[in-house]
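Right, one structure below, let's go through it.
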Amino acid sequence: MLNKKILAAAIAASLSTGALAADLDADTTVVTYASELLPDTATMSVNVSNELDSTAELGFTIGAGTSKYVRIDLENAIFGANVALTVPDTAAPAVTINGIVSAGGAGSDFVIFEVAALGDDIAADAVVTLTADSYNVSTSMTSTIQYRLFETATQAVNETDLLKDTGEKDFTTTGTGLTGNIFVANDVNSLLEDEFKQFEGPTVTATVGYIDTSLVNTLEDGVTANGILAPATGAQVVAADLITAADEDFTVAFGGDFSFGDWTLDTAADCATSTTADLDETLDPVAVDVTAAVLNGDEHHLCVTVDGTEIINKGSYTASVESADGTSVDLSGDLGTISYDTITVEIPYVTTFEDYNQRLILRNTSGTPVDFTISFSTETGVEADTTGKDVGGTIPANGVLIKKMTDFVSFEGRTRGSATVEIEGLEENIQAATQTVNSTDGATDTVILNANSVTAFVATP
């Protein structure tokens with residue numbers, strides 16, 4: 001994560017001071033301003049960092065002692081003060097020639113410059129640069145810019161007999177600055193050998209991911225800055241531009257299974273110090289209000305600590321960040337998962353009815369013994385009692401384990417429930433089934449429990 005943040009910061013810094021935005025001879029020239037930062041007006045003044053300075057090749061040689069005319073047209077935009085065109089003299093010794101505004105300019109949507117060659121020819125491939133103190137551009141429509149070269153002032157005014165025409169190029173537009181995924185996943189495991197009471201390590205503390213608002217202005221790769229600018233500064237947008245104190249508190253909410261452990265939001269990756277908030281696991285969703293300063297100040301890890309006696313549940317986690325007004329910021333994404341180092345076999349129907357003999361059949365085709373555990377769930381009014389029973393065991397290498405359900409559980413209230421078997425093995429090596437024999441008439445019902453069991457060994461009564 002450190003490398004991503006360094007790269008993102010470096011790229012953002014390279015964009016923060018403004019640059020030549022538009023090569024009018026190129027296919028793409030547009031500058032995008034963050035829609036979240038637009039004024040509540042039809043137009044806005046931009047170019048604080050000269051981000052809209054534009055270039056083009058002159059397009060035709062201007063002979064020594066003669067002039068030609070450059071016309072620049074805008075649509076959905078007008079020029080501010082001090083519109084200028086600079087032209088390098090490509091002959092030696094090189095000098096800079098300034099175009100003279102002969103029409104349009106400040107307050108207009110076009111400008112015509114007279115460009116005179118002073119003493120030497122100006123080459124057709126000389127690159128001219130258009131600058132202005134500001135532009136007044138539309139906040140709702142894309143503005144365009146067009147460069148054209150004419151032989152005479154009359155032709156430039158009447159827009160006839162072109163020497164060069166770049167065509168209309170997109171100049172400015174708007175788009176969301178909230179392009180990044182600020183939610184970073186971290187997947188953790190709980191192991192069968194620890195009876196799913198600790199995380200892999202072993203450790204009783206883990207994080208399933210974190211929120212990092214510094215990634216708010218990145219692209220999907222989480223590294224490259226999105227190139228979207230703040231109109232007031234002309235600089236690359238950053239988290240503090242988009243997630244601001246003006247939005248008051250932000251609600252940070254989480255989805256997932258919070259029925260076990262003690263959950264916190266922590267600024268430290270090891271979940272050991274600098275706790276942002278103790279979470280109330282009884283809330284639905286689990287959520288906490290934080291300020292923009294807190295949210296932007298650090299990474300915020302979703303942490304859980306268990307006591308080493310309770311079962312850690314498998315599951316996936318999500319997060320969201322929403323501003324108090326519910327409109328300016330509304331982001332959501334995935335965090336990580338808690339997984340077991342097992343395959344899971346679900347048994348939808350378990351019975352201990354005295355006239356039935358139900359058995360669990362587990363086959364292991366690998367050369368290594370594998371451990372398993374079994375747990376039970378019941379309908380309302382029924383309890384599963386595993387006191388003094390086996391709740392796990394070992395399937396021998398290249399062997400079969402067959403046990404009666406009554407060896408695992410007894411039910412109170414009714415004689416039925418369901419079960420989950422966690423097996424520390426690979427799917428392709430494990431085959432599972434249940435077989436129920438009616439002791440009255442000898443009828444047999446065999447249920448295949450996992451996909452690999454279509455080739456499973458199944459015992460006969």
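Defined by atom type and a distance below 3.5 Å, a donor-acceptor pair is missing between the side-chain atoms of Asn217 and Asn226. Between the side chains of Glu346 and Thr420, at least one donor N or O sits under 3.5 Å from an acceptor N or O. Checking Asp53 against Thr131 by side-chain atom types alone, no donor-acceptor pair falls below 3.5 Å. Side-chain atoms of Ser377 and Ser418 form a donor-acceptor pair, as typed in the model, at a separation below 3.5 Å. With 3.5 Å as the limit, one finds a donor-acceptor pair spanning the side chains of Thr205 and Thr305. Side-chain atoms of Gln198 and Ser190 include no donor-acceptor pair closer than 3.5 Å. Residues Asp341 and Asn189 have side chains that never bring a donor and an acceptor to within less than 3.5 angstrom of each other. Under 3.5 Å, the side chains of Asn357 and Ser439 contain no donor-acceptor pair of N or O atoms. Side chains of Thr264 and Asp266: no donor on one and acceptor on the other come within 3.5 Å. Side-chain atoms of Thr142 and Thr173 form a donor-acceptor pair, as typed in the model, at a separation below 3.5 Å. Donor-acceptor pairing under 3.5 Å is recorded for the side chains of Ser143 and Thr172. In this structure, a donor-acceptor pair under 3.5 Å is absent between the side chains of Asp170 and Thr144. Defined by atom type and a distance below 3.5 Å, a donor-acceptor pair is present between the side-chain atoms of Thr344 and Lys314.
Of the residues listed (Asp73, Thr166, Asp165), the one engaging Gln146 in a side chain to side chain donor-acceptor pair (under 3.5 Å) is Asp165, and it is the only one. Of the candidates Thr276, Thr275, Ile182, Thr213, His300 forms a side chain to side chain contact (heavy atoms under 4.5 Å, CB included) with just one, namely Thr276.
A cation-pi arrangement, defined by a distance under 6.0 Å to the six-membered ring centre and an angle within 45 degrees of its axis, is absent between Arg416 and Tyr349.
Within the 4.5 Å cutoff, side-chain heavy atoms of Ile338 are placed close to those of Ile312. At a threshold of 4.5 Å between non-hydrogen side-chain atoms, the residues Ile361 and Gln435 count as touching. Inter-residue side-chain proximity for Gln358 and Thr406 is flagged as unmet; no heavy-atom pair is nearer than 4.5 Å. Residues Leu335 and Phe254 meet the side-chain proximity criterion, which asks for heavy atoms closer than 4.5 Å. Residues Leu360 and Ile347 meet the side-chain proximity criterion, which asks for heavy atoms closer than 4.5 Å. By the 4.5 Å heavy-atom criterion applied to side chains, Leu74 and Glu168 are not counted as neighbours. At a threshold of 4.5 Å between non-hydrogen side-chain atoms, the residues Tyr33 and Ile228 do not count as touching. In this structure, the side chains of Thr434 and Leu449 come closer than 4.5 Å at one or more pairs of heavy atoms.
Between the side chain of Asn429 and the main chain of Leu426, no donor-acceptor pair closer than 3.5 Å is present. Listed for the Asn296 side chain is a donor-acceptor partner under 3.5 Å among the backbone atoms of Ile243. The main-chain N or O of Pro396 is never found under 3.5 Å from a side-chain atom of Thr394 such that the two would form a donor-acceptor pair. Of the possible polar contacts, none joining the Ser134 side chain to the Asn47 backbone as a donor-acceptor pair under 3.5 Å is found. Looking only at distances, no side-chain donor or acceptor of Glu51 sits under 3.5 Å from a matching main-chain atom of Val31. Gln236 contributes a side-chain N or O that, together with a main-chain N or O of Gly227, makes up a donor-acceptor pair within less than 3.5 Å. Under the 3.5 Å distance criterion, the side-chain polar atoms of Thr218 are matched with a main-chain donor or acceptor of Leu215.
Counted within 6.0 Å of OH on Tyr340, heavy atoms from surrounding residues, nucleotides or ligands total more than 12; the atom is thus considered enclosed. Other residues, nucleotides and ligands contribute at most 12 non-hydrogen atoms within 6.0 Å of the CG atom of Asp27. When the shell of 6.0 Å around CD of Glu383 is examined, it contains 12 or fewer heavy atoms from other residues, nucleotides or ligands. The number of heavy atoms from other shown groups lying within 6.0 Å of NZ (Lys403) is above 12.
The structure places CD1 of Ile72 at 9.5 Å from CZ of Phe171, a figure rounded to the nearest 0.5 Å. The distance from atom CD1 of Ile145 to atom CG of Leu130, rounded to the nearest 0.5 Å, is 5.5 Å.
Checked against the 6.0 Å centroid threshold, Tyr317 and Phe258 count as a close aromatic pair. Two rings, from Phe110 and Phe79, have their centers 6.0 Å or more apart.
The aromatic rings of His301 and Tyr210 sit tilted, their planes meeting at an angle between 30° and 60°.
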Could you go through the side-chain contact (heavy atoms from CB on, under 4.5 Å) check for Val46 and Leu52 one step at a time? CA-CA 8 Å; Val46 291; Leu52 294 176; 3.6 Å; yes

